[in-house]
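Presented below is the structure to which this report refers.
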Amino acid sequence: MTIRAVVWGENIHERTNEVVAGIYPEGMHATIAKALSADKAISASTATLEQPEHGLPEARLAETDVLVWWGHKDHGAVADEVVERVAKRVWEGMGLIVLHSGHFSKIFKRLMGTSCTLKWREAGERERLWVTSPNHPIAEGVGEFFELENEEMYGEQFAVPEPLETVFISWFQGGEVFRSGLTYRRGAGNVFYFRPGHETYPTYHDAMVQKVLRNAVKWAHNPQGSNPAILKAPNVPVEKALEPIEERGGKLHAHGEAGFR
């Protein structure tokens, strides 16, 4: 079964900055989607900030297996309603891959529950990404490490929760290191943060980066599909208890009444 991926891009710098437009004339989102669709197991489409509902109406998200998110210049322009909509789908089982400066996106901070701050430097320095979990599906075919000749530096401390697994650690020419590939689970959804991708460098044209992204989409996909029941909090009546029990003491809710939220 084909994995249905949507690549969400802010699509601002591609239209306003000559350097970025020269590297990604069709937009970063289109470059990433094309790389994903090169794998027959993935069918990738795109959505952008300027579209109605940012290209992510409920009906489309309901048919999305994995959402890939890139943003930088205007995280605040993303409507809170859409953020909650995406979070709900992740909890239900949709995969989410957050790229580079998406660490400051509303959706990533919503799911992490932290500031997601870090050190940074825009100097076009070499980045060496070391594989720290060689048997992880996201690192399949990568080898011990790979290098990007020009990238923006991100440095520790990265203020995120402790991940399930650290797949990549980056070293930069200036000496800093950074946890560059982190996995999480939120509800029934798999979440992967992948650091490379500054817009003034051709990172998403790199064959190894594209391989990691395809691996990540396959890893994030939940073949069991959506699990909306995970969002429910049913009030189980006494007569439906697995073992016979007698109701005792006072209570706040009537039979079948929803709980406080």
Side-chain angles (χ1 to χ4, degrees), residues 3 5-13 28-29 31-33 35-36 42 44 46-49 54-56 61 64-78 80 82-118 120 129 136-139 151-152 154 156 158-170 178-199 203-204 209-210 212-222:
I3 301 170
V6 173
V7 181
W8 190 91
E10 199 175 59
N11 196 33
I12 294 178
H13 283 124
M28 299 170 72
H29 52 287
T31 298
I32 295 169
L36 295 179
I42 303 171
T46 64
T48 55
L49 176 66
H54 311 318
L56 300 174
L61 279 175
T64 300
D65 297 316
V66 179
L67 178 62
V68 181
W69 191 280
W70 191 99
H72 189 187
K73 183 176 174 59
D74 203 0
H75 298 304
V78 178
D80 291 342
V82 174
V83 174
E84 291 304 309
R85 185 182 301 165
V86 172
K88 178 175 177 288
R89 281 290 294 122
V90 172
W91 295 332
E92 290 177 345
M94 182 183 73
L96 178 67
I97 299 170
V98 177
L99 303 175
H100 190 60
S101 44
H103 71 92
F104 265 159
S105 64
K106 286 183 177 180
I107 182 58
F108 191 61
K109 291 195 290 185
R110 174 74 172 86
L111 293 173
M112 295 298 104
T114 58
S115 66
C116 301
T117 51
L118 47 80
W120 62 280
L129 291 102
H136 198 283
I138 294 176
E151 254 298 349
E152 179 182 22
Y154 278 7
E156 296 288 347
F158 190 17
V160 290
E162 191 67 22
L164 289 175
E165 296 164 295
T166 300
V167 185
F168 301 103
I169 289 179
S170 288
F178 190 77
R179 292 168 291 161
S180 287
L182 306 177
T183 69
Y184 297 91
R185 182 162 291 117
R186 291 296 182 264
N190 295 319
V191 179
F192 179 58
Y193 173 77
F194 189 47
R195 196 220 71 84
H198 191 59
E199 56 268 44
T203 299
Y204 295 120
V209 169
Q210 292 180 358
V212 170
L213 292 178
R214 288 190 290 266
N215 289 347
V217 166
K218 293 177 181 179
W219 169 84
H221 175 231
N222 182 355

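Reckoned from all heavy atoms, side chains included, excluding hydrogens, waters and symmetry mates.
Thr114 places a side-chain heavy atom less than 4.5 Å from the side chain of Pro161. When side chains are defined from C-beta on, Arg185 counts as touching Leu164, because their heavy atoms get closer than 4.5 Å. Counting heavy atoms from C-beta on, the side chains of Trp8 and Val86 never come closer than 4.5 Å. Side chains of Ser101 and Trp120 form no contact here, defined as non-hydrogen atoms less than 4.5 Å apart. Put simply, the side chain of His136 reaches to within 4.5 Å of the side chain of Thr183, judged on heavy atoms. Residues Val6 and Thr64 are in side-chain contact: their nearest non-hydrogen atoms beyond the backbone lie under 4.5 Å apart. Under the 4.5 Å side-chain criterion, counting only non-hydrogen atoms from C-beta, His54 is not in contact with Thr48. Within the 4.5 Å cutoff, the side chain of Pro196 has heavy atoms near those of the Leu129 side chain.
To the nearest 0.5 Å, the span separating CG on Leu213 from CD1 on Ile138 amounts to 10.0 Å. Note that OH of Tyr184 and CZ of Phe192 are 11.0 Å apart. Values are rounded to the nearest 0.5 Å. Lys218 NZ to Leu36 CG: the interatomic distance, rounded to the nearest 0.5 Å, is 10.5 Å. Atom-to-atom distance recorded for Thr46:OG1 and Met28:CE is 13.5 Å, nearest 0.5 angstrom. A distance of 7.5 Å separates OG in Ser105 from CG in Leu96, rounded to the nearest 0.5 Å. Atom CG of Leu56 sits about 6.0 Å away from atom CG of Leu67, to the nearest 0.5 Å.
Between Leu182 and Pro163 the shortest heavy-atom distance is CD2-CG, 3.8 Å. Counting all heavy atoms, side chain and backbone alike, Ser180 lies closest to Ser170 at OG-OG, 2.6 Å. Of all heavy-atom pairs between Arg110 and Ala87, the closest is CG-CB, 4.4 Å.
In this structure, His72 has its ring center no closer than 6.0 Å to that of Phe104.
Figure legend: cation-pi geometry between Arg179 and Phe158 absent, as NZ or CZ is not positioned both under 6.0 Å from the six-membered ring centre and within 45° of its axis.
A donor-acceptor pair is defined here as one N or O able to donate and one able to accept, closer than 3.5 Å; no such pair exists between the side chain of His103 and the backbone of Leu118. Counting only distance, with no hydrogens or angles, the side chain of Arg214 and the backbone of Ala35 share a donor-acceptor pair below 3.5 Å. Although no hydrogens or angles enter the test, the distance criterion places a donor-acceptor pair under 3.5 Å between the side chain of Arg186 and the main chain of Leu111. Side-chain atoms of Glu10 come within 3.5 Å of backbone N or O of Lys73 as a donor-acceptor pair.
Of the residues listed (Val66, Ile32, Asn190), the one engaging Ile97 in a side-chain contact (heavy atoms from CB on, under 4.5 Å) is Val66, and it is the only one. Partner His100 forms a ring-ring contact (aromatic ring centres under 6.0 Å, His included) with one of Phe194, Tyr193, Tyr154 and no other, that one being Tyr154.
A salt bridge is defined here as a Lys NZ or Arg NE, NH1 or NH2 lying under 4.0 Å from an Asp or Glu carboxylate O, and Glu92 with Lys88 meets this definition.
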Exercise for the section: Verify side-chain contact (heavy atoms from CB on, under 4.5 Å) between Asn11 and Leu49, making sure each step is shown before the conclusion. Expected result: CA-CA 7 Å; Asn11 196 33; Leu49 176 66; 6.0 Å; no
Practice task
Could you please spell out the steps behind the side-chain contact (heavy atoms from CB on, under 4.5 Å) verdict for Asp80 and Lys106?
Solution key: CA-CA 8 Å; Asp80 291 342; Lys106 286 183 177 180; 2.8 Å; yes
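No side-chain N or O of His198 forms a donor-acceptor pair with one of Glu151 less than 3.5 Å apart.
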